[in-house]
Amino acid sequence: MTRVLFMSLVSFLIAINQASLINRCDLARVLRKEDLDGFEGYSLNDWLCLAFVESRFNISKVNENADGSFDYGIFQINSHYWCNDYRSHSENICHADCQDILSPNLLSAISCTKRIVSGAGGMKNWVAWRLHCAGRPLSYWMTGCFSG
């Protein structure tokens with residue numbers, strides 16, 4: 001029994017270690033540096049909320065969908081439409097390799113996300129944003145990030 005618990009704990013710790021999490025305020029700084037505050041009318045609060053509800057700030061998150069496509073990165077960018085993962089058919093609208101979306105520097109993820117938000121629907125393209133962020137007070141996402 002002890003051995004089973006130990007192995008479960010080790011497996012859990014390995015899974016946690018594989019996640020590349022970014023701190024909320026660090027992400028806010030990157031997003032501001034990349035001129036996303038006010039981009040297409042969305043505040044940094046919107047962007048932080050989107051990143052949280054999609055990936056819990058996990059840069060390396062990959063999720064398989066029922067249709068065989070995959071969602072990649074902190075904003076969960078879909079391989080069927082936006083990036084090429086070489087596993088499923090892709091329209092590759094962002095002209096990006098899905099693995100690049102997982103880069104810790106976030107530049108490919110941000111570039112593709114800007115393209116998505118610039119099109120029809122804006123952030124409404126993300127169901128989780130519509131359900132958990134749209135029309136809600138979001139100012140708490142920036143609390144303590146840019147003091148002084």
Any side-chain heavy-atom pair of [X] and [Y] under 4.5 Å:
X      : Y     : answer
Gln99  : Tyr72 : yes
Lys61  : Arg56 : no
Asp46  : Leu48 : no
Ile116 : Tyr81 : no

Report the C-alpha separation of Leu36 and Thr113 in whole Å, then their side-chain angles, then the decisive distance to 0.1 Å, and conclude whether the side-chain contact (heavy atoms from CB on, under 4.5 Å) test is met.
-> CA-CA 10 Å; Leu36 286 169; Thr113 302; over 6 Å; no
Practice problem: For the pair Trp141 and Phe52, evaluate ring pair (Phe, Tyr, Trp, His ring centres under 6.0 Å) and give the outcome as yes or no after the intermediate values. | Solution: CA-CA 10 Å; Trp141 286 107; Phe52 181 78; 5.2 Å; yes
Which atom pair, heavy atoms only, marks the closest approach of [X] to [Y]?
X      : Y      : answer
Met142 : Asn45  : CG-OD1, 2.7 Å
Val53  : Ala128 : CG2-CB, 3.7 Å
Gly73  : Gln76  : O-NE2, 2.8 Å
Cys145 : Arg29  : O-NH1, 3.2 Å

Between [X] and [Y], is there a donor-acceptor pair closer than 3.5 Å when you use the side chain of the first and the backbone of the second?
X      : Y     : result
Asn65  : Gly68 : no
Ser55  : Ile74 : yes
Trp126 : Phe75 : yes
Asn78  : Trp82 : no

If you round to the nearest 0.5 Å, how far is [atom2] of [Y] from [atom1] of [X]?
X      : Y      : atom1 : atom2 : answer
Lys124 : Cys133 : NZ    : SG    : 13.0 Å
Glu54  : Asn63  : CD    : CG    : 9.0 Å
Glu34  : Ile110 : CD    : CD1   : 5.0 Å
Arg115 : Ile77  : CZ    : CD1   : 11.5 Å
Ser69  : Asp71  : OG    : CG    : 6.0 Å
Asn92  : His80  : CG    : NE2   : 12.0 Å

Worksheet entry | From CA spacing to verdict: disulfide bond (SG atoms under 2.5 Å apart), Cys112, Cys83 | CA-CA 8 Å; Cys112 188; Cys83 64; over 6 Å; no
- Query: What orientation do Trp47 and Phe39 show, parallel under 30°, tilted 30 to 60°, or perpendicular over 60°?
  - Reply: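 Aromatic pair Trp47/Phe39 classed tilted.
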Full working for ring pair (Phe, Tyr, Trp, His ring centres under 6.0 Å) between Tyr42 and Trp129 | CA-CA 12 Å; Tyr42 296 101; Trp129 184 84; 5.6 Å; yes
>> On the six-membered ring of Phe57, is Arg24 placed so that its NZ or CZ lies under 6.0 angstrom from the centre and within 45° of the ring axis?
In response: no
Does one side chain, of [X] or [Y], offer a donor that lies under 3.5 Å from an acceptor on the other?
X     : Y     : value
Asn58 : Ser60 : yes
Ser79 : Asp85 : yes
Ser90 : Asn84 : no

With the 4.5 Å side-chain cut-off for hydrophobic clustering, are [X] and [Y] part of the same group?
X      : Y      : value
Leu31  : Phe146 : yes
Tyr140 : Leu50  : yes
Leu107 : Ile101 : no

With side-chain hydrogen bond (donor to acceptor under 3.5 Å, both in side chains) as the criterion, how do Ser103 and Asn105 come out once you've worked through the C-alpha distance, each side chain's angles and the decisive distance to 0.1 Å? CA-CA 5 Å; Ser103 173; Asn105 72 21; 3.3 Å; yes
